Amino acid sequence: MLKATCAKKGSVLMGIRLVYQSRLARRWTRLCRQALFVTVPLLLSVGCEKKEAAPPPPPPPVKVAEVIQQDVPIYSEWVAQLNGDTNAEITPKVQGYILTKRYQEGFPVQKGQLLFEIDPRPFEASLDQANAQLAVAQAELSKADTDVARDTPLAAQNAIPQRQLDNDKSAQAAAKAQVDAARAQIEQVKLNLEWTKVFSPIDGIAGVANSQVGDLVGPTTKMTTISKVNPIRAYFSISENEYLQNAQRIAAILNSASKTGTRPVEYIQADETPYPSAGRVILINREVSSQTGTIQVAAEFSNPNGILRPGGFGRVRIQTGDNKDAILVPQIAVIEVQSAYQVVVVGPDNKASFRPVKVGDKVGSNWVITDGLKPGEKVVTEGFQRVRDGMTVNIEPQTQTASAEGK
C-alpha cells in the first residue's frame with residue numbers, strides 16, 4: 001500500500017516537471033524568434049550600406065631656396081690673446097717706504113704722471129752730506145793750490161828741495177780729484193732724490209698696485225704695470241704648413257715699406273661679436289717653435305676707447321683665398337643627423353626627396369656644398385619636418401635665394 005502511494009506521488013511530480021520544461025522551451029523559442037527578427041534586418045542594412053573613402057591630405061606647404069654657384073672668399077680663424085703694444089713694469093730705482101699713491105687703478109695715465117712717492121728724507125740727508133764732502137774737498141784743493149803757488153818760486157831759487165814742490169803738486173792733483181768725486185756724489189744723490197717720485201714712462205692703462213702706502217720697496221719690487229693699449233695687439237700662432245702656404249704673402253708684408261696693402265684682419269671677441277675696427281698683421285716671429293711646430297704672428301688693432309684689454313681671448317679671422325664656383329645653400333636648409341648631412345630637394349614635379357650632401361665652410365648665413373647638389377636646384381628651407389621622401393609638396397610663393405654676401 002505504501003509502495004503504491006509513493007509510486008503515485010513520483011509519477012505526479014514527473015508530470016509537473018515535464019509540463020514546466022515544455023513551457024520554458026516554448027518561451028525561449030519565442031524570445032529567440034523576436035531577437036532574430038530585430039538583428040537580421042539590421043545586419044542586412046549595415047552590409048548593404050556603401051563605405052566612402054577618406055579624402056587624401058593636401059600637400060604640405062614648404063619654402064624653398066635656389067642653389068647658386070658663385071665665387072666666395074675662404075677665411076681661416078685662429079685663437080688669439082690680446083696684449084699691449086708696450087707693457088711697462090713699474091719698479092723703483094731706490095729703496096724706501098711709500099708715502100703716497102697718486103693714480104687710480106685701472107684708469108688711463110699720461111706719460112710723466114706721478115704714480116708713487118717714496119720717503120725722500122734719507123736722500124735729502126745724503127745730499128746734505130755730499131755737499132759737505134764737496135766743501136771739504138774744495139778746502140783741501142784751495143790749500144794745495146796755495147802750497148804750489150808758494151813753493152814754486154822757492155824751488156826755482158833752490159830755497160826748498162824740488163821734492164817738496166813735487167809733493168805739493170801731487171796733493172793739488174789729489175785735491176782736484178776729491179772735488180770731482182764729491183761733485184759726482186752730489187749728482188748721484190740728486191738722482192736718488194728725484195727717483196723717490198715714480199712717474200709713468202708711457203701713456204696707457206694703469207694696473208692694480210702691488211705695493212701700498214707704507215710698504216718697503218726696492219729695485220726688485222714690481223709696483224704695478226702700465227700697458228699701452230692704443231693700438232693693441234692680438235697674438236696668435238699658425239702651423240708651419242699654414243705659414244709655408246702663405247709664405248709669399250708674408251714675404252710681401254716683410255719686404256713692404258708700407259703695410260697698408262696687407263689683407264685686413266678681423267677680431268672676434270669672446271662674446272662672438274666682431275670688433276668694429278679691422279687690423280693688420282705687423283709681426284711674424286723669427287722662428288718656428290720647436291715644441292709646438294707653430295710660428296707666432298701678431299695683428300694690430302686701433303683701440304682708442306680702451307675696449308680691448310691685455311689678456312683677453314678671442315679669434316682672428318683672415319681671408320686666405322677664394323673658392324671658385326662654389327655651390328651655396330642657406331644653412332637652415334642643411335639637416336645634420338649623426339654627423340651626416342642631407343637636404344630636401346624639390347624636383348620640377350614638386351616631389352621632395354632627401355639627398356645626402358658633403359659640406360664645406362660656412363659663408364655668412366650660407367653653407368658651401370662640395371658634393372651632392374647642382375646649381376639651379378631647389379632645396380627646402382622651411383617645413384621639411386612635415387615632408388617624407390617622395391611626397392608632393394606645395395611651394396609657397398615667398399621663395400628665397402642663397403647669397404654669398406657676408407663673411
Side-chain angles (χ1 to χ4, degrees), residues 68-83 85 231-256 258-303 307-308 310-331 334 336 339 341 357-373 402-407:
I68 64 170
Q69 184 178 29
Q70 65 183 42
D71 299 342
V72 296
I74 299 175
Y75 291 90
S76 298
E77 292 185 359
W78 297 272
V79 176
Q81 185 175 19
L82 299 173
N83 205 347
D85 175 74
I232 196 168
R233 293 181 177 182
Y235 289 89
F236 58 100
S237 297
I238 63 175
S239 66
E240 188 174 4
N241 289 336
E242 291 173 323
Y243 169 75
L244 294 175
Q245 291 172 3
N246 298 276
Q248 293 182 351
R249 296 191 185 96
I250 293 173
I253 293 173
L254 297 178
N255 296 330
S256 174
S258 172
K259 301 186 180 74
T260 56
T262 62
R263 288 192 173 182
V265 180
E266 182 183 4
Y267 181 75
I268 303 173
Q269 302 175 85
D271 60 355
E272 298 298 327
T273 59
Y275 185 66
S277 299
R280 57 189 178 89
V281 175
I282 61 164
L283 183 148
I284 297 156
N285 204 356
R286 64 177 181 85
E287 64 178 354
V288 177
S289 173
S290 59
Q291 297 179 348
T292 61
T294 59
I295 185 169
Q296 190 182 49
V297 182
E300 188 177 73
F301 297 86
S302 175
N303 189 31
I307 297 175
L308 301 180
F313 281 92
R315 303 194 312 276
V316 292
R317 197 164 185 257
I318 305 175
Q319 181 181 346
T320 56
D322 294 293
N323 190 348
K324 300 293 184 181
D325 298 328
I327 302 296
L328 294 175
V329 297
Q331 294 182 26
V334 180
E336 182 180 1
S339 300
Y341 299 90
V357 294
K358 294 181 180 179
V359 299
D361 297 328
K362 293 181 179 179
V363 182
S365 61
N366 299 319
W367 218 329
V368 175
I369 304 298
T370 59
D371 185 39
L373 288 176
S403 173
E405 292 181 0
K407 296 181 180 180

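Computed from a predicted model, the values in this text were never measured in an experiment.
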Chemist: With sequence neighbours left out, what residues match N83 under side chain to side chain donor-acceptor pair (under 3.5 Å)?
Modeler: N87
Chemist: Just so I know, are the side chains of D361 and N323 near enough to count as touching, which here means a heavy-atom distance under 4.5 Å?
Modeler: no
Chemist: Go through L308 and Q269 one step at a time and tell me if the side chain to side chain contact (heavy atoms under 4.5 Å, CB included) criterion holds.
Modeler: CA-CA 9 Å; L308 301 180; Q269 302 175 85; 3.8 Å; yes
Chemist: Report the residues that fulfil salt bridge (Lys or Arg N to Asp or Glu O under 4.0 Å) with E77, sequence neighbours left out, ordered by chain and then residue number.
Modeler: R315, R317
Chemist: Between CG of N303 and OH of Y275, what distance do you get to the nearest 0.5 Å?
Modeler: 4.0 Å
Chemist: Which residues pass the ring-ring contact (aromatic ring centres under 6.0 Å, His included) test with Y341, sequence neighbours left out?
Modeler: W367
Chemist: What residues form a side chain to side chain donor-acceptor pair (under 3.5 Å) with E242, not counting sequence neighbours?
Modeler: W78, S239
Chemist: Got I295 and I238 here, is their nearest side-chain heavy-atom distance under 4.5 Å?
Modeler: yes
Chemist: Determine whether V359 and T370 make a side-chain contact, defined as any pair of heavy atoms from C-beta on separated by less than 4.5 Å.
Modeler: no
Chemist: Test of understanding: with side chain to side chain donor-acceptor pair (under 3.5 Å), list the residues that count as partners of T294, not counting sequence neighbours.
Modeler: T292
Chemist: Does any part of the side chain of V334, heavy atoms only, come nearer than 4.5 Å to the side chain of E336, both counted from C-beta?
Modeler: no
Chemist: Just jot down the side chain to side chain donor-acceptor pair (under 3.5 Å) partners of Y267, sequence neighbours excluded, or say none.
Modeler: none
Chemist: OH/Y235 to CG/N285 distance, rounded to the nearest 0.5 angstrom?
Modeler: 9.5 Å
Chemist: Is any side-chain heavy atom of D71 closer than 4.5 Å to a side-chain heavy atom of D325?
Modeler: yes
Chemist: Between atom CD of Q81 and atom CZ of F236, what is the distance when rounded to the nearest 0.5 Å?
Modeler: 13.5 Å
